[in-house]
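If you're wondering where the values come from, they're calculated on a predicted model, not measured in any experiment. Hydrogens, waters and symmetry mates play no part in the numbers below; they use all other heavy atoms, side chains included. Residue numbering restarts at 1 for every chain, and letters A, B, ... go by the order of the sequence lines.
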Amino acid sequence: MAQEVIKKDKKYTWKEFKRQKFLMIVSFFMVVYGLIFYYWPLTGWLMAFENYKPRKGLLGSDFVGLAKFKFLFEDDVFIRVIRNTLAMGVLNLVTSTIMAILFAILLNEVKNVFGKKLVQTISYLPHFLSWIIVTGILHDALSSSGIINELLLKFGFVDQAINFFAHTQYFWPIVAFANCWKETGWNAIIYLAAITSIDPCLYEAASIDGAGRWAKIKYITLPSIKPTIMILLLMNVGNVLNAGFEIQYLLGNGLVKSVSDTIDIYVLRWGISQNDFSLGTAAGIFKSVVSIVLIVIANYAAKRMGEERLF
Amino acid sequence: MKKQKTSLADKIFVVCNTLFMIAFVVVTLYPVLNTLAISLNDGVDAVRGGIYLWPRKFTWKNYQTVLGIQDIIIGAKITVLRTVLGTLIALVANALLAFVVSRKRFLFKSQLSLFWVITMYVNGGLIPVFLLYRNLGLTGTFWVYVIPGAISAFNMLVLRTYMQGLPDSLEESAQLDGAGYWTVFYKIISPLCKPVYATVALFVAVWQWNSWFDAMIYNRMNDEYTTLQYELMKLLSSVMQQGGNAANAAAAGATSAAVTPVTVRSAATIATMLPIIMLYPFLQRYFVTGLTIGGVKE
């Protein structure tokens, strides 16, 4: 027994260090790699506080303090871009969570094993397609001769085809729909796993008490998967600002710019296209800081609600 | 009596639920099947519209056209290469790292874990990363696709969680027999980790296959390192009137002088998604396990 304890204990001795030579060598390379590819770019944040000129280098460029940030917050475009990113991020998070839970619960009610398996397999499909493909397909479906307009015309909802990509009011719902279309089946995997692990006795007991399907879903399934829902929701809160690049970049156009541009697109435009590295970096820092604040708040909220902490 | 009542409500529920599932399947599959039908239809005929699930004037010509586009062939080769090589490198690197941080007696176990977990939450952002790759001489090469993404904290955590679940006695008894850590990793842990290796390989492979942004940013001027998705984007954007980057739209316009016919675009889309569609149903159990492990943190 005593021997067992000693064996599990870590010993910080030279002999043990040498015994772990292989682990040390691997760790060394992993740390070097991490420092170069993940930590070194953080030194680039310095650019946001200077008028960076590649010729003069990071340390030689003129220091301008918070001037770049001041420019950002006085730029109406940037304020709009923040609004767009937050709005689409929150809309996507809410709709995709609700859809995934709904789909998981309803799929779980399907008793035909083959049908269930088939629907589930089909539901994963869009997740594996790139945004290039998804936006291409969506563009065809929503075009003036596409299936959506055809159906709307046929059933008399509209008199003439709607140009969905020319009006600002359609853009956010289109993005939310595309996101649900692509990820509902995938996101449901984890909820389905949670539902499967519910003790069947609970359902049997409820049946004996005369509970119908709705009662069982409402009083057993939903409360049982509540911790999973909370954890995933909180985990994704930190990603709200990260959800705004590919689809907006691919679907956006000059007509809907005011609602489609996100922080990442702003960074890309100023940083890479206009070569203003300082301004691009400043906008990027703003995004990172807000994300970290959101994560900390989410973590704190998780603790307060008695859920498992996120990190 | 009571039983009867519930069974009527039950029947209504089953019918509604079945209808919901059918609607779900139709909404998911129709756009893909419609694209497939258009890709197999004659180009001039397709302009008339009205093609739904079956081609009206069948032809393979669109696929021949796609295969005749030089950039797409180059893109396909690069994409296959980056998917294979990138997945191999990422798998070995992540597995080694996960092995190290899952050893109970490893002296810097928690420090190394923390070092990598931080990278999930803090990153330099697009511009500093762009400058780094340029300074390292990675831009304008093939390696920018496989080196930077080789280790990701998320994949490492999935692997680590699985390895931590294996009994310690395996490692201990091997070491009593004189095996070093490399032997333990290679001969004992890795064979047991095959399912989770498959999961991570699948995640990385899909990510590699679907990437386009890196080709656009880091290899815009290097047509020999273009990727399939990026070429597809150029084809599609000639119609979609790319927003965002004006220079890029101009470049896309130049390569495909006129607007590409819808049938050719559809053929390119189908060709790009085909490998993944054919493979993923057989890999289901792997990603389901992977997600379940990944979702449960410590």
Side-chain angles (χ1 to χ4, degrees), chain A residues 8 10 12 16-17 20 22-23 26-27 30-31 33-34 37-38 40-42 44-45 47 106 109-110 119 121-126 128-130 132-133 136-137 139 141 145 147 189-190 193 210 212-213 249 252-254 257 260 265 267-268 271-273 277 280-281 284-285 288 292 295 311, chain B residues 2 6 9-10 13 17 20-21 25 28-29 31 35 49 96-97 100 103-108 112 115-117 119 121-132 148 151 180-182 206 210 212 217 229 232-233 236 240-241 243-245 247 269 272-273 276 280-281 284 288 291-292 295:
Chain A
K8 289 274 155 67
K10 284 200 278 188
Y12 288 88
E16 182 67 11
F17 187 84
Q20 298 187 357
F22 175 73
L23 304 183
V26 173
S27 308
M30 296 299 171
V31 168
Y33 178 91
F37 285 99
Y38 288 97
W40 180 253
L42 294 175
W45 282 18
M47 279 188 289
L106 290 180
E109 298 291 329
V110 174
V119 173
T121 305
I122 290 170
S123 78
Y124 301 143
L125 169 73
F128 291 100
L129 306 180
S130 67
I132 306 267
I133 292 177
I137 286 176
H139 212 269
S145 58
I147 184 77
I189 291 178
I190 206 136
R213 278 199 204 238
Y249 182 79
N253 62 57
K257 238 167 105 111
S260 70
I265 294 175
V267 170
L268 189 70
I272 306 287
S273 308
F277 291 145
T281 309
I285 291 178
S288 291
I292 292 168
I295 290 166
F311 57 87
Chain B
K2 202 162 191 179
T6 33
D10 255 23
F13 180 89
N17 200 17
F20 174 86
M21 289 301 157
V25 168
T28 306
L29 280 187
T35 309
L96 269 173
L97 178 60
V100 172
R103 294 310 95 199
K104 286 219 169 59
R105 289 178 64 177
F106 176 49
L107 297 176
F108 304 112
L112 191 62
F115 177 87
W116 280 101
V117 169
T119 66
Y121 298 102
V122 188
N123 67 73
L126 180 69
I127 309 295
V129 167
F130 177 80
L131 290 177
L132 170 74
I151 300 179
Y181 275 111
W182 167 251
V206 170
N210 284 338
W212 55 276
I217 293 287
Q229 300 284 350
L232 181 65
M233 176 185 145
L236 300 182
M240 279 163 49
Q241 296 167 341
N245 195 326
T269 305
T272 307
M273 66 166 92
I276 289 189
Y280 93 89
Q284 257 187 73
V288 173
L291 263 195
T292 330

Student: Using a cut-off of under 4.5 Å for heavy-atom pairs, which of B:Ile217, B:Thr35, B:Leu97 has the most such pairs with chain A?
Tutor: B:Leu97

Student: For B:Leu236 and A:Gly136, which heavy atoms make the closest approach, and how far apart are they?
Tutor: CD1-CA, 3.9 Å

Student: Provide the closest heavy-atom pair for B:Leu132 versus A:Pro41 in the form atom of the first, atom of the second, distance.
Tutor: CD2-CG, 3.9 Å

Student: What is the minimum heavy-atom distance between B:Leu107 and A:Gln20, and which atoms define it?
Tutor: N-OE1, 3.1 Å

Student: Given side-chain contact (heavy atoms from CB on, under 4.5 Å), test A:Glu109 with B:Phe20 step by step and report yes or no.
Tutor: CA-CA 12 Å; A:Glu109 298 291 329; B:Phe20 174 86; over 6 Å; no

Student: Select, from A:Ser145, A:Ser260, A:Ser27, A:Ser288, the one with the greatest count of heavy-atom pairs under 4.5 Å involving chain B.
Tutor: A:Ser27

Student: With a 4.5 angstrom heavy-atom cut-off, is it the side chain or the backbone of B:Leu232 that approaches chain A, or both, or neither?
Tutor: both

Student: Taking A:Tyr33 for its side chain and B:Pro148 for its backbone only, find out whether a donor-acceptor pair lies under 3.5 Å.
Tutor: yes

Student: Describe, in one word, how the ring planes of A:Phe277 and B:Phe130 are oriented to each other, choosing from parallel (under 30°), tilted (30 to 60°) and perpendicular (over 60°).
Tutor: tilted

Student: Would you say CH2 of A:Trp45 has more than 12 non-hydrogen atoms from neighbouring residues, nucleotides or ligands within 6.0 angstrom?
Tutor: yes

Student: Roughly how far, to the nearest 0.5 Å, is CD1 of A:Ile133 from CE of B:Met273?
Tutor: 4.5 Å

Student: What part of B:Trp182 gets closer than 4.5 Å to chain A, counting heavy atoms only: side chain, backbone, both or neither?
Tutor: both

Student: Given a strict heavy-atom distance threshold of 4.5 Å, which part of A:Ala193 is in contact with chain B: side chain, backbone, both, or neither?
Tutor: side chain

Student: Among A:Thr281, A:Ile292, A:Val110, A:Ile285, who wins on heavy-atom pairs under 4.5 Å with chain B?
Tutor: A:Thr281

Student: With chain B, which of A:Leu42, A:Leu106, A:Ile189, A:Ile137 has the greatest number of heavy-atom pairs at distances under 4.5 Å?
Tutor: A:Leu106

Student: Taking the side chain as every heavy atom from C-beta outward, state whether A:Leu129 and B:Asn210 have any atom pair closer than 4.5 Å.
Tutor: no

Student: Heavy-atom distances under 4.5 Å only: say whether B:Val288 touches chain A with side chain, backbone, both or neither.
Tutor: both

Student: Select one option (side chain, backbone, both, neither) describing which atoms of B:Gln284 are under 4.5 Å from chain A's heavy atoms.
Tutor: side chain

Student: Got a second to check how far B:Leu96's CG is from A:Phe22's CZ, nearest 0.5 Å?
Tutor: 5.5 Å

Student: Looking only at heavy atoms, which two atoms of B:Phe115 and A:Met30 are closest? And how far apart?
Tutor: CE2-O, 4.2 Å

Student: Hey, could you give me the CD1/CZ distance between B:Ile151 and A:Phe37, rounded to the nearest 0.5 Å?
Tutor: 10.0 Å

Student: Looking at side-chain heavy atoms only, is the closest gap between A:Thr121 and B:Tyr280 below 4.5 Å?
Tutor: yes

Student: Search all heavy atoms of A:Ile122 against all heavy atoms of B:Thr28 and return the closest pair with its distance.
Tutor: O-CG2, 3.7 Å

